[in-house]
Amino acid sequence: MHYGGTTDYRPGPMSRVKGALIQSRDWLDDKGKGAWIAAMILGFIFVWPVGLAILLYMIGSNRMFTCSSRRGYSGRHSVRPSGNSAFDAYREETLKRLEDEHNEFTAFMVRLREARDKSEFDQFMKERREGNDAA
């Protein structure tokens, strides 16, 4: 099996699921604690394990007991202005740069894991072919 040496990056199904869950979490955080509670109740009504999972996540991530959103990942949501516009602009720019670097690093790690998985699969297929040829 040859993959043709393409460099196009396409995330795997688990990466897409993780991305969707992160987007859902961020959306609920933006809406506040009421949205989390509503999602939990709807989860219990329609598919009780989903409601239970949301409840456990809310407790584990401290979303049940605090009302702050976005836990400091973005200065636009959780940092109050200092009163000094130059400092606020610097802080916003630095936080944005760090968030971008974090996103790039996360994407790099996903690509690295997928490359490792492909390498391990290719090794398996090679050993399997060699085993079939010897038999």
Side-chain angles (χ1 to χ4, degrees):
M1 287 192 170
H2 187 291
Y3 293 97
T6 62
T7 58
D8 294 338
Y9 169 70
R10 290 186 299 188
M14 291 306 292
S15 297
R16 288 189 295 253
V17 168
K18 183 178 178 184
L21 289 173
I22 289 171
Q23 285 180 335
S24 300
R25 180 203 61 203
D26 291 345
W27 184 84
L28 287 168
D29 277 349
D30 287 342
K31 301 303 178 197
K33 193 187 322 185
W36 277 102
I37 293 172
M40 178 186 60
I41 292 170
L42 290 173
F44 273 117
I45 291 172
F46 293 109
V47 184
W48 71 265
V50 172
L52 182 61
I54 292 172
L55 174 63
L56 293 174
Y57 180 76
M58 287 175 63
I59 292 171
S61 65
N62 208 19
R63 282 172 172 78
M64 179 68 90
F65 307 109
T66 61
C67 59
S68 62
S69 64
R70 285 292 188 122
R71 308 291 177 277
Y73 281 165
S74 173
R76 297 178 298 275
H77 296 285
S78 63
V79 179
R80 290 177 286 168
S82 69
N84 182 316
S85 61
F87 175 76
D88 290 343
Y90 166 77
R91 178 180 55 199
E92 191 69 30
E93 178 183 321
T94 302
L95 291 174
K96 171 81 171 103
R97 181 181 54 80
L98 287 172
E99 190 173 348
D100 291 345
E101 287 178 8
H102 173 358
N103 292 338
E104 289 173 16
F105 180 72
T106 301
F108 169 76
M109 291 302 292
V110 167
R111 287 192 308 272
L112 196 62
R113 280 187 211 102
E114 289 179 353
R116 186 191 68 215
D117 289 348
K118 181 187 176 308
S119 173
E120 290 170 352
F121 176 74
D122 290 343
Q123 179 67 30
F124 166 77
M125 292 301 288
K126 179 182 173 191
E127 289 175 6
R128 185 172 145 198
R129 269 184 262 131
E130 290 172 357
N132 286 342
D133 291 342

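One-based numbering along the sequence shown. FYI, side chains are in, hydrogens and waters are out, and symmetry mates aren't considered; it's all heavy atoms of this structure.
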Taking Ala20's backbone N and O only, do any of them form a donor-acceptor pair with Ser24's side chain (distance below 3.5 Å, no angle check)?
yes
Would you give the length of the straight line joining atom CG of Asp29 to atom CZ of Arg25, rounded to the nearest 0.5 angstrom?
6.5 Å
Report yes or no: do Phe108 and Val110 belong to one cluster of Ile/Leu/Val/Met/Phe/Trp/Tyr joined by side chain heavy-atom distances under 4.5 Å?
no
Using the rule given for side-chain contact (heavy atoms from CB on, under 4.5 Å), can you reason through Phe105 versus Met109, listing the C-alpha separation, both sets of side-chain angles and the distance that settles it, and then say yes or no?
CA-CA 6 Å; Phe105 180 72; Met109 291 302 292; 3.7 Å; yes
If Ile, Leu, Val, Met, Phe, Trp and Tyr residues are connected whenever their side-chain heavy atoms lie under 4.5 Å apart, and connections chain through other members, are Leu28 and Ile22 in the same group?
no
Less than 4.0 angstrom from a charged side-chain N to a carboxylate O is my criterion; do Arg97 and Glu101 meet it?
yes
Under a single-linkage definition using a 4.5 Å side-chain heavy-atom cutoff for Ile, Leu, Val, Met, Phe, Trp and Tyr, are Phe87 and Leu95 assigned to the same hydrophobic cluster?
no
Linking I/L/V/M/F/W/Y whenever their side-chain heavy atoms sit closer than 4.5 Å, directly or via other members, would Leu56 and Trp36 fall into one cluster?
yes
Shared hydrophobic cluster, Leu112 / Phe121 (ILVMFWY, side-chain heavy atoms < 4.5 Å)
no
Sidechain N-carboxylate O distance under 4.0 Å for Asp100, Lys96
yes
Any idea which heavy atoms bring Gly83 and Asp88 closest together, and the distance?
N-OD2, 3.7 Å
NZ/NE/NH1/NH2 to OD/OE distance under 4.0 Å, Asp122 and Lys126
no
Atom pair CE (Met125) and NZ (Lys118), whose distance is rounded to the nearest 0.5 Å:
11.5 Å
Value rounded to 0.5 Å, distance of NE2 in His102 from CD in Glu104:
11.5 Å
